[in-house]
Structures are given as structure tokens and as C-alpha cells.
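Numbers here are sequence positions counted from 1.
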Amino acid sequence: MATKISPLSGFPELLPAQRVVEQRVIDSLRATFELHGFANIETRAVEPMDQLLRKGETSKEVYVLRRLQDADAGSDSGLGLHFDLTVPFARYVLEHAGKLEFPFRRYQIQKVWRGERPQEGRYREFAQADIDIVGRDVLPFHHDVEVARVMVEALAGLDFLPGFTLQVNNRKLIQGFYSGLGASDVEAVMRIVDKLDKLPVERVAALLVDEAGLTRDQADQCLALARIRTHDDSFVARVEALGVSDPLLTEGLAELADLLRSCAPLATERVAVVADLSIARGLDYYTGTVFETRLTGSEGLGSICSGGRYDALADDGRTTYPGVGISFGVSRTLVPLLAQGAVAADRPVPSAVLVAVSDEESRAESDAVATALRASGVPCEVAPTAAKFGKQIKAAERRGIPYVWFGPGSTVDATHQVKDIRSGEQVGADPATWTPPHEDLRPQVVSTVISNTEETTK
């Protein structure tokens with residue numbers, strides 16, 4: 001009896017052409033991060049449960065590790081798969097602090113697991129790409145600016161993806177505003193205002209009154225602050241016009257204005273950096289700058305890239321390690337776009353050339369051609385069978401391989417020839433020196449972008 005195979009919800013698997021896209025994204029991110037001096041690390045997949053739950057996650061969202069063949073978990077008791085890369089990184093810093101140079105700059109591209117309800121853009125197994133800068137006891141604010149600029153540059157480099165908007169705010173600004181307004185529970189106000197992208201404004205206003213203890217006038221002031229969005233530092237005057245004063249508010253305004261001015265040169269038609277004073281980030285450990293990012297045309301996915309400043313996430317009782325970081329959801333962004341066909345690879349295999357085989361007796365000659373091509377860095381493969389050349393060409397076409405190579409035994413004038421099966425052009429070539437044009441050497445990623453009602457392909 002045949003076994004029916006069903007996909008597991010929330011655990012996406014990519015086909016070869018889709019995996020090409022993911023790898024191009026990872027390669028591009030890695031190149032940008034390393035260009036800015038970030039070192040790569042990888043942390044273990046499991047952490048103690050008490051560490052995993054420090055961020056306020058519930059135990060239902062953590063996959064607990066248990067030995068399947070032993071009812072007694074023993075030493076595995078209390079371990080779970082990590083659901084992000086920030087908590088493991090904080091532990092990593094504390095554990096290896098004596099061997100690290102500070103400020104420590106790291107990037108990490110790795111799978112994580114989270115037991116939430118699967119939906120578009122949210123999965124139970126997914127890849128993230130993080131960058132962080134961590135200091136010892138102090139970390140100057142200019143690192144907040146640097147992290148923002150590096151991630152904007154990294155995402156802008158993925159030119160086959162739609163444009164994006166990096167939304168920035170500062171927890172000092174909003175905390176100072178709420179304190180200056182007279183809120184008795186500032187944390188509650190922040191958590192409620194952070195729901196504005198999920199709940200109607202009137203519902204949020206009611207929660208501010210009912211759960212945070214604000215008056216209706218105070219709630220209206222909070223919502224007025226949250227409505228402020230600017231592409232430059234003009235938000236400062238708009239906040240000041242609301243008539244609230246507080247030293248922490250003043251500090252937050254200055255930091256956010258500095259960040260906006262520093263990121264302004266990176267703005268393009270595809271890239272926007274916006275001060276959005278509704279952004280709070282629900283996680284308790286953020287203490288200053290906070291980031292969220294929306295993908296143009298796919299805003300329903302929610303934030304694809306987020307993070308912020310944390311001054312006390314890592315602390316060993318003697319030394320505090322303040323940091324700032326931002327995380328890009330690789331799977332969160334790519335899997336929906338791949339499913340929609342909005343981005344794809346032009347071929348599912350790395351091979352640029354299929355070396356034809358005249359007959360099985362001459363296969364060794366075809367293998368020698370392939371060896372020579374590979375020595376020049378040309379990905380290639382030898383035809384699996386000595387079928388008619390027309391069938392071998394068709395096989396290459398089905399796999400997206402752009403060139404077919406014919407050895408001396410298969411050409412009229414007994415020379416090596418290579419055929420571009422897209423144009424039909426066939427020319428003489430030397431396997432020791434020939435290479436295809438750069439754009440044919442590796443699979444290319446293409447995207448269909450709708451702009452001004454015209455369809456274009458990148």
C-alpha cells in the first residue's frame with residue numbers, strides 16, 4: 001500500500017530554483033555584512049528554557065527538546081529550540097566575553113523554530129539574518145546609526161526584491177512623552193500603542209483608558225504622537241508642538257533626528273527611511289532606537305526586518321553588555337514571494353554547460369571536456385545518455401542550461417564547438433579557455449515588478 005506524503009504546515013521546503021534565490025539572498029547579505037567588518041558566528045540550536053523565556057515568550061511557543069526513546073529526559077530536561085537569534089547571542093556574549101574584542105560586531109544567518117500558528121510570512125521553521133554590535137559597559141549611539149545604515153545597504157543590494165521602508169522610532173522618545181504626559185504605567189501604554197497596526201484606533205484609545213488608566217485627553221495625545229510620520233527630522237517640531245516636556249523625551253528626539261539625518265543619503269526610489277512614532281516594539285528589553293520594515297506591495301506580511309537598542313539584555317552581575325541589532329526575516333520575506341512567482345531563478349541547476357556525448361565509447365572524451373571547463377570555473381555536467389543530439393539539447397533546455405558543448409567527434413570539421421541553445425548560435429571554442437558571459441555563469445534571480453502600471457523584469 002502506497003504511503004501518502006503530506007506537507008507539514010509551517011515548515012516550508014524549497015524547490016531547487018527557489019533555493020537558488022534563497023542562496024543568492026544569503027550570499028548578498030553575507031557580502032555586505034562582511035564588507036562592514038561584521039564577523040560570522042553560529043550558535044547552538046538549543047538553549048535552557050529559563051533563558052528562552054526571558055523575552056516574555058510563552059512556553060507554548062518553544063519547541064521543547066526530549067529524547068524520543070527515553071521517558072526520562074535526563075540531561076535534556078529543560079532545553080528548547082531557539083526561536084530567535086538574539087537571546088542565544090546574549091548568552092554567547094556572556095559565555096565567551098573573555099575571548100571577544102569589544103565592541104563585538106557579529107552577523108548570524110541561521111534557522112530558528114517557533115511554535116506559532118502558521119500563516120503567510122509566519123512559519124514554525126524559518127531562517128533569519130541578524131547583525132548586532134555589542135559593547136562592554138558602554139556603547140556609543142553612533143552604532144545605532146551604523147546598524148541601520150548597514151541593513152538598509154544590505155536590503156537595497158537585493159535589487160530583485162520589491163522596495164522597502166525602514167520605520168524608525170526611539171523608546172526614550174515615547175517613554176519620555178508618556179511620562180511627561182503623566183501616565184502612571186508607561187510600559188502598559190507602550191504595549192497598547194504597539195497594537196495600532198492590528199487594532200482600530202478607537203479600540204486602542206479605549207484600551208489606553210481602560211487598561212493603562214489614561215484620561216481620554218491623554219489617550220488622544222498618545223494617538224496624536226503615534227500619527228507622526230516624516231522622512232526627515234521635521235518630526236521634532238511636530239512632537240514639540242504637542243506641548244509635552246521630559247528630559248528623556250528630549251534625548252530621544254535628538255537621537256532619532258540624528259539617525260534620520262544619517263540615513264537620508266541612502267534613500268532611493270526603492271528605499272525609504274521614515275520616522276514613525278507609532279513603532280514601539282513589544283519586547284521589554286529595547287531601551288532606545290527601534291526598527292521595523294515593510295516590504296512595498298506586501299505590507300500585509302507585517303515587519304520583515306526589525307530590532308533595536310538594548311542596554312541590559314546581557315549582564316553577568318559585574319559587567320553589562322549593551323548592544324544594538326536588527327534582524328531580517330529571510331524566510332518570512334522570500335517564501336511568500338516565491339509562492340506568488342514574484343521572484344524566481346532563471347534555472348534550477350548551477351550548470352551553465354551540458355557536454356554532449358556522441359556515444360558511450362567516447363564518454364571519457366566528454367568527461368575530459370567537462371574537467372577542462374570546471375578548471376576555468378565553468379559549472380557543467382555531462383549528458384547522462386548518448387541520445388540523439390536533438391534530445392540532448394532538449395534535455396538541456398528543460399533544465400535551463402544555456403549552452404551545449406560538442407566535441408571533435410561530433411562536429412563536421414572535428415573541432416570543439418559550443419551552442420547557445422537560446423539563440424541557436426554555434427561557434428568554435430577551446431575548453432581550456434572558454435567561459436560564458438558573466439550573466440550565464442551562475443543562475444540569475446529575476447523578479448517581476450509592477451511600476452507605474454508597466455511590467456518590468458529585473
Side-chain angles (χ1 to χ4, degrees), residues 10 12 25 29 55-57 61 83-87 107-110 112 114 116-124 126-132 144 147-156 158 161-171 173-174 190-199 204 226-231 256 259-260 263 266-267 270-310 324-337 340 342:
V25 167
L29 294 173
K55 273 177 57 175
E57 299 286 331
E61 294 174 312
F83 54 80
D84 77 350
L85 299 179
T86 303
V87 170
Y107 79 90
Q108 193 171 348
I109 304 174
Q110 204 170 331
V112 299
R114 186 172 299 175
E116 62 182 356
R117 184 174 64 84
Q119 53 187 299
E120 185 179 57
R122 290 189 176 274
Y123 310 103
R124 292 175 172 175
F126 52 98
Q128 289 189 184
D130 286 23
I131 56 172
D132 285 82
D144 293 36
V147 162
R149 288 177 58 90
V150 171
M151 188 58 85
V152 167
E153 183 180 326
L155 297 185
L158 306 176
L161 293 181
F164 63 91
T165 298
L166 178 69
Q167 301 161 298
V168 295
N169 197 2
N170 194 294
R171 291 281 281 262
L173 188 165
I174 54 179
M190 282 198 298
R191 285 195 300 271
I192 293 168
V193 173
D194 198 42
K195 300 177 184 292
L196 276 170
D197 62 342
K198 304 179 184 69
L199 298 176
V204 172
R227 283 193 289 269
I228 296 175
R229 290 172 179 78
T230 69
H231 288 79
L256 188 57
L259 192 149
L260 260 290
C263 289
L266 302 179
R270 292 183 59 247
V271 179
V273 181
V274 176
D276 185 335
L277 305 197
S278 70
I279 301 299
R281 302 292 298 148
L283 302 176
D284 293 339
Y285 59 71
Y286 289 124
T287 55
T289 305
V290 285
F291 309 102
E292 289 194 352
T293 311
R294 297 297 192 277
L295 199 63
T296 304
S298 299
E299 288 81 2
L301 286 177
S303 180
I304 62 161
C305 181
S306 57
R309 174 73 177 231
Y310 46 90
V324 59
I326 188 166
S327 173
F328 171 56
V330 177
S331 302
R332 181 181 180 83
T333 305
L334 280 186
V335 173
L337 293 177
Q340 297 162 14

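- No donor-acceptor distance shorter than 3.5 angstrom exists from the side chain of Arg270 to the backbone of Thr296, with no hydrogens or angles considered.
- Residues Phe83 and Val112 are not in side-chain contact: their nearest non-hydrogen atoms beyond the backbone lie 4.5 Å or more apart.
- Residue Tyr310 is tested with Thr86, Thr287, Asp132, Thr289 for a side chain to side chain donor-acceptor pair (under 3.5 Å); the sole match is Asp132.
- Counting only heavy atoms from C-beta outward, the side chains of Asp276 and Asn169 never approach each other to under 4.5 Å.
- Of the possible polar contacts, none joining the Arg122 side chain to the Arg117 backbone as a donor-acceptor pair under 3.5 Å is found.
- In terms of heavy-atom proximity, Ile174 sits nearest to Leu277 at CG2-O, 4.1 Å.
- The closest side-chain heavy-atom distance from Val168 to Leu256 is below 4.5 Å.
- Under the 4.5 Å side-chain criterion, counting only non-hydrogen atoms from C-beta, Ser278 is not in contact with Arg227.
- A donor-acceptor pair under 3.5 Å is formed between the side chain of Arg124 and the backbone N or O of Glu116.
- In this structure, CG on Leu155 lies 11.5 Å from OG1 on Thr165, to the nearest 0.5 angstrom.
- Listed here is the closest heavy atom pair of Asp130 and Ser327: OD1-OG, 2.6 Å.
- Taking each heavy atom of Arg294 and Gln167 in turn, the nearest pair found is NH1-OE1, 3.2 Å.
- The backbone N or O of Tyr123 sits nowhere less than 3.5 Å from a side-chain atom of Arg114 that would complete a donor-acceptor pair.
- Listed here is the closest heavy atom pair of Asp144 and Arg309: OD1-NH1, 2.7 Å.
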### Task
Step by step, work out the side chain to side chain contact (heavy atoms under 4.5 Å, CB included) result for Leu259 and Phe291.
CA-CA 11 Å; Leu259 192 149; Phe291 309 102; 4.2 Å; yes
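- A side-chain donor-acceptor contact under 3.5 Å links Glu299 to the backbone of Gly297.
- The closest donor-acceptor contact from the side chain of Thr293 to the backbone of Ser303 lies at 3.5 Å or more, if one exists at all.
- The shortest side-chain heavy-atom distance between Val25 and Phe328 falls under the 4.5 Å cut-off.
- Note: Cys263 SG to His231 NE2 = 12.5 Å, rounded to the nearest 0.5 Å.
- Contact annotation: the side chain of Tyr107 never approaches that of Val150 to less than 4.5 Å [non-hydrogen atoms, C-beta and beyond].
- Atom OG1 in Thr230 sits 5.5 Å away from atom CG in Leu260 (nearest 0.5 Å).
- Nearest approach of Leu85 to Gln110, heavy atoms of both residues: CD2-CB, 4.0 Å.
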### Chi angles and distances behind the side chain to side chain contact (heavy atoms under 4.5 Å, CB included) call for Leu166, Ile326
CA-CA 11 Å; Leu166 178 69; Ile326 188 166; 4.2 Å; yes
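- A 4.5 Å side-chain heavy-atom check between Leu295 and Leu337 finds at least one atom pair inside the cut-off.
- Contact between Ala154 and Leu29 at its shortest, heavy atoms only, is CB-CD2, 3.9 Å.
- If you take CD1 on Ile131 and CE on Met151, they are separated by 4.5 Å, rounding to the nearest 0.5 Å.
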